[in-house]
Amino acid sequence: QKEVEQNSGPLSVPEGAIASLNCTYSDRVSQSFFWYRQYSGKSPELIMSIYSNGDKEDGRFTAQLNKASQYVSLLIRDSQPSDSATYLCAVRGLTGGGNKLTFGTGTQLKVEL
Amino acid sequence: EADIYQTPRYLVIGTGKKITLECSQTMGHDKMYWYQQDPGMELHLIHYSYGVNSTEKGDLSSESTVSRIRTEHFPLTLESARPSHTSQYLCASIQGASYNEQFFGPGTRLTVL
């Protein structure tokens, strides 16, 4: 089992819809959770971080964390074609003294006109 | 906004050449990281540093080496480049406590002929 698992996709949603991206992790003592967006050929860009159970909203983005279920998700409301990218889930646990991020393989999102 | 710089952005070089990929950050971050990523594939941590004179190998075996003589500078060196080294190399940094966010540089795309 991978430490951080994501469905590779592609996930296709129509413009204006809600895109839901999911991630599960195996390390129960993980403390910090991040979502990165990566356009093809570019470096990952941090879009959300979440540390406590519940929801965290930032504009069109909402991160949801459920530590009991070891599950973190990202909702993108009113999806736009510019949201088409690969979304990476990253988790910081105790590996490497809590100084290393473990990344999932990413979910490719396609927002169609 | 993170200030992490990588040079060169693109490099095409012949087999057997020695190359150094530069990474610098102006934020005084103590922890720095090198990742390798092939197109459409996942990120692999190849080296990291927790501070000056501290370097560790990452999760993916790499023939590259790194040094950390100054806080702001974390260069990666390949003594003898091979076509198998063709990839994108991403540098990242983070400050202090594990809750803090990790930022990536723009990356160096290396092609070894």
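Worth knowing before you read on, the calculation uses all heavy atoms, side chains too, and leaves out hydrogens, waters and symmetry mates. Numbered from 1 within each chain, the chains take letters A, B, ... in sequence-line order.
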Qualifying salt bridge (Lys or Arg N to Asp or Glu O under 4.0 Å) pairs, either residue in residues 31-55 of chain A, two or more places apart: R37(A)-E45(A)
L60(B), CG atom: more than 12 neighbouring heavy atoms under 6.0 Å: yes
Residues of residues 32-44 of chain B with any heavy atom under 4.5 Å of a heavy atom in chain A: Y33(B), Y35(B), Q37(B), E42(B), L43(B)
OG-CD1 distance between S43(A) and I4(B), expressed to the nearest 0.5 angstrom: 8.5 Å
Verify same cluster id: F104(B), L21(B) (apolar side-chain graph, 4.5 Å): no
Residue-level contacts of residues 103-113 of chain A with chain B, using a heavy-atom cutoff under 4.5 Å: F103(A), T105(A)
Separation of R92(A) CZ from E101(B) CD (nearest 0.5 Å): 9.5 Å
Within one Ile-Leu-Val-Met-Phe-Trp-Tyr cluster: L74(A) and V13(A), side-chain cutoff 4.5 Å: yes
More than 12 heavy atoms of other groups within 6.0 Å of L113(B) CG: yes
Shared hydrophobic cluster for I46(B) and L11(B) (ILVMFWY, side-chain gaps under 4.5 Å): yes
Joint hydrophobic cluster, L46(A) plus L90(B), side-chain heavy atoms closer than 4.5 Å: yes
Atom group of Q102(B) that falls short of 4.5 Å from chain A, counting heavy atoms: both
R28(A): salt bridge (charged side-chain N to carboxylate O under 4.0 Å, His left out) partners, not counting sequence neighbours: none
Same apolar cluster: I94(B) and Y5(B), side chain cutoff 4.5 Å: no
Leading residue by heavy atom contact count with chain B [cutoff under 4.5 Å; candidates S40(A), G41(A), S8(A), P44(A)]: P44(A)
